[in-house]
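We count residues from 1, following the sequence as given.
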Amino acid sequence: MRHSDPPPILAIIVPCYIEAPVLPATDKELSALLENLKSVGKVAECSYVVYVDDRSDDNTWEVICGLTGNHSKGIRLSRHSGHQVALMAGMEYALDSFDCCITIDADLQDDISVIPNMIDAYRRGADIVYGVRTNRMCDSRTKRITAAGFYSTMHKLGVECVSNHADFRLMSSRAVEDLLEYKERNLFLRGIVPLLGYDQEMVYYKRKERTAGITKYPLKKMLDFAADGITSFSVTPVRMLLWLGLAVTAIGLGIGIYTLVRHFMGETIEGWTSLMLSIWFCTGVLLIGLGIIGEYIGKIYIEVKQRPRYKISDKTESPK
């Protein structure tokens, strides 16, 4: 369904965690972008930016308070809740006052020059528009390899997600309303958003170098994020354990038959090496299996508590 005139009210949602060094430049660029979009009639005059401080350890919140003016406002979470929760908090906070929103990281490595293309896709009728990277040359070699492996694994496990898409996307207000109905605490928005359906489009861009600050996704956090994504959307790892158990059982049965045959033939079997290998191998399989099952049980434990995902402790003044 085509989203017709008047120009839509756009909210740009910017999650922030220890981003004080980059925020002044980020705000300047986003402010200039909004003014340009308003001047050419692509978005409404009351469009704005929402900065979400994920309880940063530095003076990010003070910087946000200093930036807030006619074009922006900010909220601060009561505790550090993670990037995905900060995105949800920003969208839920602003939902009643926008027609569409765009989520983008504060470092602006994602190219804001394609935002007009996202707005055009929205006006053509798309409720979700993904920003997709055409290359990752600014990322480290390790990050490129792990990212490629992650997306490949997700697709093989049957998880619907867009390769080389992070969380730079446009969503209509009705798509956000539907997204907020997903109440899980283990959030993986890159997997949830494609489940919403609606008309979806993609815009392509080249990712830029970070100009200041540090990455919030070192290798350990990337691996944790990947594990959350896989276990939140697929039970294939548990099924793989079943097949592995059957394979080990078949091998054990074969070794048992071989041992009995040698015994009745009167041949001596030393057995030490094979026994030790069997014990260590089976123990390793059991521990891996327990770990995978524990990961799923842990997620169930967190979900059934139904604790709030976040609380907002502070807000700045709304745009005039």
Side-chain angles (χ1 to χ4, degrees), residues 9-28 30-31 34 46-98 100-108 166-169 171 173 176-177 179-189 192-193 212-218 221 224-225 228 232 298-299 301-320:
I9 301 173
L10 171 67
I12 301 177
I13 313 295
V14 185
C16 307
Y17 181 64
I18 315 180
E19 297 289 4
V22 305
L23 276 178
T26 296
D27 187 69
K28 183 178 180 180
L30 291 178
S31 177
L34 276 180
C46 53
S47 298
Y48 58 95
V49 181
V50 178
Y51 294 102
V52 183
D53 178 24
D54 190 19
R55 205 69 186 188
S56 301
D57 297 330
D58 63 354
N59 64 329
T60 294
W61 178 242
E62 287 73 16
V63 174
I64 290 173
C65 291
L67 295 174
T68 304
N70 291 337
H71 69 281
S72 64
K73 53 186 174 180
I75 60 174
R76 190 185 197 196
L77 305 187
S78 62
R79 63 182 296 273
H80 178 55
S81 302
H83 180 263
Q84 302 288 281
V85 173
L87 286 173
M88 291 289 279
M91 288 187 285
E92 187 168 14
Y93 172 71
L95 177 59
D96 293 335
S97 58
F98 66 72
C100 60
C101 71
I102 289 175
T103 55
I104 187 170
D105 290 345
D107 55 26
L108 293 192
D167 289 293
F168 180 33
R169 69 177 73 87
M171 298 182 68
S173 57
V176 173
E177 286 178 356
L179 176 63
L180 293 175
E181 292 181 7
Y182 288 73
K183 301 299 184 182
E184 57 251 50
R185 272 63 187 159
N186 298 287
L187 284 171
F188 183 69
L189 294 178
I192 296 175
V193 173
I214 59 172
T215 179
K216 307 308 180 299
Y217 274 97
K221 276 197 173 183
D224 290 342
F225 187 62
D228 282 341
S232 294
K299 280 182 165 48
Y301 176 71
I302 292 171
E303 294 294 341
V304 298
K305 287 176 178 289
Q306 289 293 298
R307 291 173 176 170
R309 284 190 291 222
Y310 66 89
K311 291 290 184 181
I312 296 175
S313 63
D314 299 286
K315 302 177 184 179
T316 61
E317 295 295 325
S318 299
K320 299 177 181 178

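Side-chain contact between D167 and Q84: present, with at least one pair of heavy atoms (C-beta onward) separated by less than 4.5 Å. Contact of the M91 side chain with the V50 side chain is not registered, since no non-hydrogen atoms from C-beta on lie closer than 4.5 Å. No side-chain heavy atom of D54 sits less than 4.5 Å from a side-chain heavy atom of H83.
With sequence neighbours left out, D27 forms a side-chain contact (heavy atoms from CB on, under 4.5 Å) with Y51, L67, H71, S72. Scanning for side-chain contact (heavy atoms from CB on, under 4.5 Å) contacts around D314 gives R55, W61, R76, with sequence neighbours left out. Considering only residues two or more places apart in sequence or on other chains, T26 meets the side-chain contact (heavy atoms from CB on, under 4.5 Å) condition with V22, L30, L108.
When each of I13, V49, V14 is tested with I104 by the rule side-chain contact (heavy atoms from CB on, under 4.5 Å), just one qualifies, namely V14.
L95 and S173 make their closest contact through CD1-O, 3.7 Å (heavy atoms, listed as atom of the first residue, atom of the second, distance). Of all heavy-atom pairs spanning T316 and C65, the tightest one is CG2-SG, 4.0 Å. Annotation for I18 and S56: closest pair N-OG, 2.8 Å, computed over non-hydrogen atoms. When all heavy atoms of S313 and L77 are compared, the closest pair comes out as OG-O, 3.6 Å. The minimum heavy-atom distance linking C16 with L23 is given by the pair SG-CD2, 3.9 Å. Taking all atoms of both residues into account, the shortest heavy-atom contact from P24 to P21 is CD-O, 4.1 Å.
Checked by atom type and distance alone, the side chain of T60 never pairs as donor or acceptor with a backbone atom of D58 at under 3.5 Å. Between the side chain of S97 and the backbone N or O of A94 there is at least one donor-acceptor pair closer than 3.5 Å. Judged by distance alone, with hydrogens and angles left aside, the side-chain atoms of S47 form no donor-acceptor pair with the main-chain N or O of A11 at under 3.5 Å.
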- Message: Could you go through F98 and V176, starting from their C-alpha distance and side-chain angles, then the distance that decides it, and tell me whether this counts as side chain to side chain contact (heavy atoms under 4.5 Å, CB included)?
- Response: CA-CA 10 Å; F98 66 72; V176 173; 4.1 Å; yes
- Task: Kindly indicate, with the supporting measurements, whether the criterion ring pair (Phe, Tyr, Trp, His ring centres under 6.0 Å) is fulfilled by H80 and Y17.
- Result: CA-CA 9 Å; H80 178 55; Y17 181 64; 4.1 Å; yes
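One finds the CZ atom of R169 at 9.0 Å from the SG atom of C101 (value rounded to the nearest 0.5 Å). In this structure, E177 CD and D96 CG are separated by 8.0 Å, a value rounded to the nearest 0.5 Å. Interatomic distance, OH of Y48 versus CG of L34, reported as 11.0 Å (0.5 Å rounding). To the nearest 0.5 angstrom, I64 atom CD1 is 4.5 Å from D53 atom CG. Remark: L10 CG to I102 CD1 distance equals 5.0 Å, nearest 0.5 Å.
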